[in-house]
Amino acid sequence: QRGYKYHPVDWAVEREFNEVTFQGPLVPLLENKFFVGSAEQGFIKDYQELESGCYYFAISPCVRIGDFNRSSFHQPYFLKLELFYKGKNKEDNEIALKKIMDDAFAFFSQFKTPTTLKKEDGSFDLEINQIEVGSYGIRDSAPYFFVYGTGVAEPRLSQALGEKND
């Protein structure tokens with residue numbers, strides 16, 4: 001829906017793809033591959049085969065061991081639907097970021113209207129009940145130029161809505 005195309009991504013990628021955007025400790029798997037911090041690293045691995053000007057989504061685990069004990073809402077692993085757009089230029093990416101954020105805002109508003117926060121680095125968070133339910137921004141890490149965003153992450157959304165996750 002809303003013009004996104006499913007793109008399956010690897011859940012474990014080589015260190016070079018993880019380190020483009022993920023700064024946390026890497027969790028090794030097999031064959032010199034590490035679990036992704038999010039599907040964003042899988043999209044980076046597949047970047048050359050992705051079509052410019054196309055909206056994608058993928059679902060993957062997010063393994064962020066560095067978040068262990070950070071707070072009751074930060075989990076060392078969780079499941080996330082990632083939104084991704086391979087831009088053509090800066091203006092194109094700015095338009096895509098607005099679309100992705102509008103789509104996410106509409107989705108989360110089905111449950112409760114989120115608050116939008118602009119961060120110092122120019123990225124944005126959406127929050128429900130003062131709990132971040134999504135992050136959105138533009139990456140310009142040559143040779144990668146794209147927009148990223150959270151479609152939904154669990155159990156974070158359930159936590160923000162005050163639901164139990166037994």
Side-chain angles (χ1 to χ4, degrees), residues 4-101 103-104 116-127 131-157 159:
Y4 292 85
K5 179 180 177 183
Y6 175 67
H7 179 79
V9 296
D10 291 343
W11 292 4
V13 299
E14 292 81 0
R15 178 182 298 274
E16 67 188 276
F17 301 115
N18 261 309
E19 291 180 342
V20 172
T21 60
F22 182 63
Q23 309 307 317
L26 298 177
V27 177
L29 189 61
L30 297 171
E31 302 172 15
N32 298 316
K33 291 187 177 184
F34 301 84
F35 280 110
V36 295
S38 76
E40 183 178 350
Q41 288 80 45
F43 280 120
I44 291 168
K45 177 184 174 285
D46 295 345
Y47 190 79
Q48 295 306 318
E49 69 186 62
L50 299 174
E51 180 183 338
S52 292
C54 189
Y55 293 89
Y56 293 98
F57 74 94
I59 300 170
S60 77
C62 297
V63 180
R64 300 183 184 174
I65 299 304
D67 280 351
F68 183 71
N69 284 333
R70 181 173 157 197
S71 78
S72 61
F73 300 109
H74 289 85
Q75 304 293 320
Y77 47 85
F78 54 95
L79 190 62
K80 181 165 90 166
L81 184 146
E82 185 83 25
L83 305 174
F84 189 92
Y85 179 84
K86 182 178 178 180
K88 299 174 184 175
N89 55 48
K90 182 178 180 180
E91 182 181 345
D92 185 48
N93 272 357
E94 289 172 356
I95 293 167
L97 175 59
K98 181 173 181 347
K99 176 193 171 12
I100 286 175
M101 287 190 65
D103 291 345
T116 304
L117 300 173
K118 185 169 185 177
K119 296 165 51 175
E120 288 182 23
D121 64 1
S123 65
F124 297 87
D125 282 350
L126 291 181
E127 291 187 350
I131 298 170
E132 179 232 314
V133 293
S135 295
Y136 308 85
I138 297 172
R139 301 259 197 231
D140 186 3
S141 305
Y144 310 107
F145 192 55
F146 60 89
V147 178
Y148 66 92
T150 304
V152 64
E154 280 295 347
R156 183 69 62 87
L157 178 58
Q159 292 170 321

Side chains of residues 134-148: which donor-acceptor pairs under 3.5 Å do they make with residues two or more places apart or in other chains?
{"residue": "Ser135", "atom": "OG", "partner": "Asp125", "partner atom": "OD1", "Å": "2.9"}
{"residue": "Ser135", "atom": "OG", "partner": "Glu132", "partner atom": "OE2", "Å": "3.1"}
{"residue": "Tyr136", "atom": "OH", "partner": "Thr150", "partner atom": "O", "Å": "2.7"}
{"residue": "Arg139", "atom": "NE", "partner": "Glu40", "partner atom": "OE2", "Å": "2.6"}
{"residue": "Arg139", "atom": "NH2", "partner": "Glu40", "partner atom": "OE1", "Å": "3.4"}
{"residue": "Arg139", "atom": "NH2", "partner": "Glu40", "partner atom": "OE2", "Å": "3.4"}

Kindly compute the distance separating [atom1] ([X]) from [atom2] ([Y]), expressed to the nearest 0.5 Å.
| X | Y | atom1 | atom2 | value |
| --- | --- | --- | --- | --- |
| Phe43 | Phe17 | CZ | CZ | 14.5 Å |
| Ile44 | Glu14 | CD1 | CD | 12.5 Å |
| Cys62 | Glu154 | SG | CD | 12.0 Å |
| Asn93 | Ile100 | CG | CD1 | 8.5 Å |
| Ile59 | Ser38 | CD1 | OG | 13.0 Å |
| Tyr85 | Lys99 | OH | NZ | 10.5 Å |

Decide, yes or no, whether a salt bridge links Lys33 with Glu31 under the criterion of side-chain N to carboxylate O below 4.0 Å.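 Between Glu31 and Lys33 there is no salt bridge, as every charged N stays at least 4.0 Å from the carboxylate O atoms.
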
How about [X] and [Y]: do any of their side-chain heavy atoms sit closer than 4.5 Å?
| X | Y | answer |
| --- | --- | --- |
| Val9 | Tyr56 | no |
| Glu49 | His7 | yes |
| Met101 | Phe124 | yes |

Looking only at atom types and distance, does a side-chain atom of Asn89 sit under 3.5 Å from a main-chain N or O of Asp92, one as donor and one as acceptor?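 It does hold such a pair.
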
Closest heavy-atom pair and its distance - Lys86, Glu51: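 Minimum heavy-atom contact is CB-O, 3.9 Å.
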
Non-hydrogen atoms of Leu157 and Val152 that approach each other most closely: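 Closest pair (atom of Leu157, atom of Val152, distance): CD2-CG2, 3.7 Å.
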
How would you list, by chain and number, every residue that makes a salt bridge (charged side-chain N to carboxylate O under 4.0 Å, His left out) with Glu19, sequence neighbours excluded?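 Residues passing salt bridge (charged side-chain N to carboxylate O under 4.0 Å, His left out) with Glu19: Arg15.
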
Can you say whether the rings of Phe57 and Tyr6 are parallel (under 30°), tilted (30 to 60°) or perpendicular (over 60°)?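 Tilted.
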
Mark yes when over 12 heavy atoms from residues, nucleotides or ligands other than Asn32 sit less than 6.0 Å from its CG; otherwise mark no.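 Not more than 12 within 6.0 Å, no.
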
Less than 3.5 Å apart, any donor N or O on the side chain of Tyr55 or Asp103 sitting next to an acceptor on the other?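 On atom types as modelled, these side chains do not qualify, holding no pair under 3.5 Å.
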
